[in-house]
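Written out below as structure tokens is the structure these notes cover.
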Number of protein chains: 2
Amino acid sequence: MEEGPPDPERAATPTLTAVARMAGVSPITVSRVVRRPDIVSAETRQRVEDAIRKLGYVPNMVAGSLASARTKSVGVLVPTIANSIFADTVQGLSDVLEPQGYSVILAQSGYDPLREDRMLAALLSRRPEAIIMVGAPLTADGAEMLRRARIPVVETWELPAAPIDAAVGFDNHDAGVVVARHFASAGRQRLAFVGGDDRRATQRWHGFVEAARQVGLEDPRRVVVEWQSGAGAGTAALAEVPDADAVFAANDAYAIGLLSALRRAGRLQAEPGATPAIGVVGLGDLEMGRLFSPTVSTIRIDGAAIGRAAAELALDPAKPRRVDLGFELIVRESG
Amino acid sequence: MEEGPPDPERAATPTLTAVARMAGVSPITVSRVVRRPDIVSAETRQRVEDAIRKLGYVPNMVAGSLASARTKSVGVLVPTIANSIFADTVQGLSDVLEPQGYSVILAQSGYDPLREDRMLAALLSRRPEAIIMVGAPLTADGAEMLRRARIPVVETWELPAAPIDAAVGFDNHDAGVVVARHFASAGRQRLAFVGGDDRRATQRWHGFVEAARQVGLEDPRRVVVEWQSGAGAGTAALAEVPDADAVFAANDAYAIGLLSALRRAGRLQAEPGATPAIGVVGLGDLEMGRLFSPTVSTIRIDGAAIGRAAAELALDPAKPRRVDLGFELIVRESG
DNA sequence: TTAGGCAATGATAGCGCTACCATTTTACCA
DNA sequence: TGGTAAAATGGTAGCGCTATCATTGCCTAA
């Protein structure tokens, strides 16, 4: 038995025109059934919907976007999504965007300025209706690309003095100040800072140093760790600050790694409730931090709320362009 | 002084044609400079690149995709990205896709079949060149949509008997078997299982029960927890299995939550090295698990490797369609 | 009756690019 | 020197949709 030629109506991905033909209406009517069903008569709508189902028609949004100049997509750029607090932010913004029919185009920069620019260009070439990114662009070129795109741009996790368009976050410098003062008021003498060397970590570091000086403490020591390293970096950092009595870790993973190393080295008090020999404060308020022993003191940041707020600013240019979501020092057992 | 009309060449987003005009070449030549610079003479290329830079031209990939029927994008569907092992998988696949010029369109299903179908339809309407998802589709409709799309589809984190196209993962049933046998060989008597009720968790549960029966143990108890709940669920689960002497937690976060609750309840041995009163094994091998005290025994899964392999199968239909990346039982202090 | 209004549908003309085939120019060799 | 191939460039058509402006019929009001 010979195979007949494949029925083109079934083999190829069906188009809106194919649906129109089958339903006996014009293409534009099919388009209306998909996008504005309320303006089509019930009878026609039914016929079209049957045809759509029979053909398994899936609208081609690429064509639709070109014709309407609306892509219903938002570009999202984060340094990294794995093992990170930024995952919460992506979750939060997705939760706002998806119900409104927007898709998220995700890109990662790995804290690399060149890669960031490449990713920004790649995102913009897809004509998203807005860009949400962690931090401000790392290069002037990147900033210029964003300005030229003439779409809402939301920078998050920091509050630049002159954002391209909008910003949602908190004052990283202040976070450093608050932790240093906390350590000082607890009578700590020799402070240290463990974190990456990206801009946000550096802002925290500056606040930390300045506040330490202001209260008359000697300058803290700074340990720079690779962003790819997780909690292990906290562990390794211990060797670099042998005589510190208080450490601000730029995220909770580092804090936990550090505390774990301290425990193994026998440098944590055994009795709960006692002041630990070395105070450690993290940032991010990971759930793990509450379960760890000692429970981890931290600067609490609501990453999901940052994401949700960013999505709202991205979709509505009338919203305030600068939202400070703040942070909170949560003192637990670790100091 | 009167404002002149805005120069249209500068105000609107420049098109390829505008670049061509400025460089004195045909539009197609500009297109070549962008996509295949090697086939354009050095001189012409220079002129065109200058024009591109001067105008700040960013190619419109929406139009390009429509014309070429290639979107250079991949749809990625995960249950959730926050606080989860799937973030590693997304990272892994991005690491393979981005250098090849592919964008990731990310969607989350929240383990909800209807939402999954909606997200699948939304993804497919953007005509991605492949779909990578965690697990097999939850509904027959979803599976049918994917089949009709005639693009590579990679299911991950499980190995369905009949994948739509390809699958990368491990045998979840087997993982349950291995943990149950491990508990049995350690002399445990009353087993329990803590996890979600999604398909992968249920497969682990089935393997766990079957292996327990096979070695003559009484049927394990199953505690179902909400997927949104993090480690806290592990803590809460303790109350539900008061008499168990071994617990398989479907992920490391639950395991850590459980261990934390056990410690607070004073039900963990004080002396390190001793066999704990209750054995706990997690899944995922979170870095935290190695830092926790006791260190957490776990079924080690390489989420990033799953992502990388999935991306490779998605881009190359010639690659084997079924990749078992396996898992490894790592026995640490927790049992 | 007749104008006016609205609901429902359609025809036409692109959106900004690339596939596909010319066409022109240059290079090279017998 | 002509002939052929390869390199460089261009013209035309169309991807699958939607914006915009008709057009058609029918209902209502004075």
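All values below were derived from every heavy atom in this structure, side-chain atoms included, with hydrogens, water molecules and symmetry-related copies excluded. Each chain gets a letter, A, B and so on, in the order the sequences are listed, and its residues count up from 1.
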OP1 or OP2 of dT9(C) versus the side-chain N and O atoms of Thr44(A): is any pair under 4.0 Å? yes
side-chain N/O Thr29(A) vs dT9(C) OP1/OP2, d < 4.0 Å: no
Under a 4.0 Å N-O cut-off, is there an ion pair linking [X] with [Y]?
X	Y	result
Glu129(B)	Lys72(B)	no
Asp165(B)	Arg321(B)	yes
Glu98(B)	Arg115(A)	yes
Arg199(B)	Glu158(B)	yes
Asp50(A)	Arg47(A)	no

Calculate the interatomic distance between Arg36(A) atom CZ and dT9(C) atom P; express it in whole Å. 14 Å
Starting at CD1 of Ile39(A) and ending at C1' of dG10(C), how long is that distance when rounded to a whole Å? 12 Å
With sequence neighbours excluded, give me every ring pair (Phe, Tyr, Trp, His ring centres under 6.0 Å) pair touching residues 94-130 of chain A. Tyr111(A)-Trp227(A)
How would you summarise protein contacts on nucleotides 11-21 of chain D per nucleotide, using B for base, S for sugar-phosphate only and - for none, with heavy-atom distances below 4.0 Å? B--BBBBSB--
